[in-house]
Asker: 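Take a look at this one; I'll ask things after.
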Amino acid sequence: MIHSGKEKNYFMAAGLIVLTAFLVFAGHEHTHASDGKAITSKEQLNHENIRIGVGQGGYAEQVVGKELPKARRVFLVHTDGYQAVAEGKVDAFIFERYALELAIKSGLEGVRLLDENMDETIPVAVGISPVSHIDDLKGKIDSFIDEMKENGTLDDMYDRWVIKNEDEMPEIKPADDPKIHLKIGTTGIVPPFSYYKDQDLCGYDIELAYRFASWLGADLEFRTYDFNGLITAAATGDADLLMSELNVTPEREAALPFSEPLFEIPIGIMVHDSSGTASGSGASFLWKVKTSFEKNFIREGRWKLFLKGVLVTFLITALSMIFGTILGFVLFLWCRNGNRTANAVTGVFGRLIQGMPMVVLLMILYYIVFKEIDIGGVMVSVIAFSMTFGLSVYGLLKVGVGAVDRGQYEAAYALGYSVNRTFFRIILPQALPHVMDSYRSETVTLIKATAIVGYIAVQDLTKVGDIVRARTYEAFFPLIAIAVIYFGLEALFGFAVSRICILFDRKKKMRTGILKGVKLK
């Protein structure tokens, strides 16, 4: 059977994914930054050849700079930091000790904790929006925390969630007649403080949020952000409070006020463990795949999270394609007759939108342009991607129409066709086949570009992968699953665009009709 070029590309991509999966699971030699020397003390880390993973903007980053000034810092999200240490990409990862202990207790292999901690501890508090609609929010949260400390509730919560690692949310009575809408910003990826269990948020900070909402007489809304978007969310008022084991640093205090400290937590040191054999290392490849699949997809019904993420990614992509195509077509019709004003406005608009990173455009729209308008992150994402996709469609139409010979216009006008009828009946049908392949490529680019919407509190496919990795401490299956799903979405949208191509390409349409019912071998 003869395969087209596109089919061959699909087969090659699928083969590459399978090969990568096999190589990762079958095992490979780790590249250790410390040249294989076991690290047994903090003093060994203060060396220019040592690479230490730290969270960007967190308190541990500053502590490392003061206590281990010679070491090179590598900025990592904590879920990536665990894997980087296990695989020998960095020599150590310095983070909250109880979180590191929980990761090892939950099955993270190839790492160990040093007995000693960093000298300083991390102050943890609640971040407060300086532009919240709730009056005297700092005074209210401080009074609430004081009461919780006095009656021992905070100590009990810390003991249950952090020390004992219990994961059951207590029953907390909601406000009877809420008069206030309270928006809590969190991440959902920092056990035991804020994480997902059975598709629901739980943890120390989540319980604290429920208790405060009940105390305040408010209804509660959680918004999950990427770590880098938390401070921005509070600073712009998109979230009233930030509760996600938020470290208090001088830079963050300059951006927004904080509550009274909830607690201080020791800073632990995780290093690579090359001694002995990791549990299960002698198990078969198929056993590893089965175990990891159960852990990442079946346990706690995590496949439902992936399904929700796929639907969100599909929705954003589909709507952006539709509205972007309409926008691009309208822009082209507006500019096609040489209108100077239209071309000038479109040119400035195009350079402005296409000249900035997509994540910056998203955050400008979400936190500035639509700050006062109550629309969700999904709708803002659709608007942003529709704008960029529309500009791409506008450019493709210019190229396609430009490829049609000018004699076609003259012939149509000689036959008495009007300008609009010439364009829609003669020019456009000849122009579209020239650009449909490029249009298909733009849809693939669009699908991949949607992976950044987690910055504005959208729980898409990529964000779901981060959530699952934060619970299972595994990188392989969540990341490979995301890659496979994106590949499937690209194939699905590519197929849909290919069918549309046939409608606009008369040659392909005629060939399809002629060969209907004929098998090609």
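In this chain, residues are counted from 1 in sequence order. Worth saying up front: this structure is predicted, and the values here are computed from it rather than measured.
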Asker: Does a sphere of radius 6.0 Å around CH2 in W303 hold more than 12 heavy atoms from other residues, nucleotides or ligands, not counting ones at 6.0 Å or beyond?
Answerer: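 It does not: W303 CH2 has 12 such atoms or fewer within range.
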Asker: State whether the number of non-hydrogen atoms from other residues, nucleotides or ligands found under 6.0 Å of D115 atom CG is greater than 12.
Answerer: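 Open: at most 12 neighbouring heavy atoms sit under 6.0 Å from CG of D115.
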Asker: Just checking F314 against F493, ring centres under 6.0 Å apart?
Answerer: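 Ring centroids of F314 and F493 are less than 6.0 Å from each other.
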Asker: Could you walk me through whether D159 and K164 pass the salt bridge (Lys or Arg N to Asp or Glu O under 4.0 Å) test, one step at a time?
Answerer: CA-CA 6 Å; D159 182 66; K164 296 179 180 178; 3.2 Å; yes
Asker: Hey, are E168 and R160 close enough for a salt bridge, meaning a charged N less than 4.0 Å from a carboxylate O?
Answerer: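 Here E168 does not pair with R160 in a salt bridge, since their nearest N and O are not under 4.0 Å apart.
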Asker: Does L100 reach the side chain of F93, with side-chain heavy atoms less than 4.5 Å apart?
Answerer: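 Yes, their side chains come closer than 4.5 Å.
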Asker: With Y210 as reference, evaluate F222, F144, W215 under the ring-ring contact (aromatic ring centres under 6.0 Å, His included) test and give the passing residue.
Answerer: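 It is F222; the other options fail the test.
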Asker: Does either side chain, that of T40 or that of Q44, offer a donor lying less than 3.5 Å from an acceptor on the other one?
Answerer: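 Yes, because at least one side-chain N or O of T40 sits under 3.5 Å from a partner of the opposite role on Q44.
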Asker: Among V464, D80, N296, V77, whose side-chain contact (heavy atoms from CB on, under 4.5 Å) with R469 holds?
Answerer: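 Only one option passes, and that is D80.
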Asker: Please check if the distance between the ring centroids of F193 and F263 is under 6.0 Å.
Answerer: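 Yes - the distance between ring centres of F193 and F263 falls below the 6.0 Å cut-off.
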Asker: Could you tell me which residues satisfy ring pair (Phe, Tyr, Trp, His ring centres under 6.0 Å) with Y367, sequence neighbours excluded, listed by chain and number?
Answerer: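 Testing Y367 for ring pair (Phe, Tyr, Trp, His ring centres under 6.0 Å), a comparison that skips the adjacent residues, returns none.
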Asker: How about F306 and F297: are their ring centroids closer than 6.0 Å?
Answerer: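 For F306 and F297, the ring centres are under 6.0 Å apart.
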Asker: State which residue, out of E474, K295, R302, K463, fulfils the side-chain contact (heavy atoms from CB on, under 4.5 Å) condition with V468.
Answerer: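 That would be R302; it is the only one of E474, K295, R302, K463 passing the side-chain contact (heavy atoms from CB on, under 4.5 Å) with V468.
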Asker: Does a donor on one side chain sit under 3.5 Å from an acceptor on the other, for E109 and Y473?
Answerer: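 Looking only at side-chain atoms, Y473 and E109 do not form any donor-acceptor pair under 3.5 Å.
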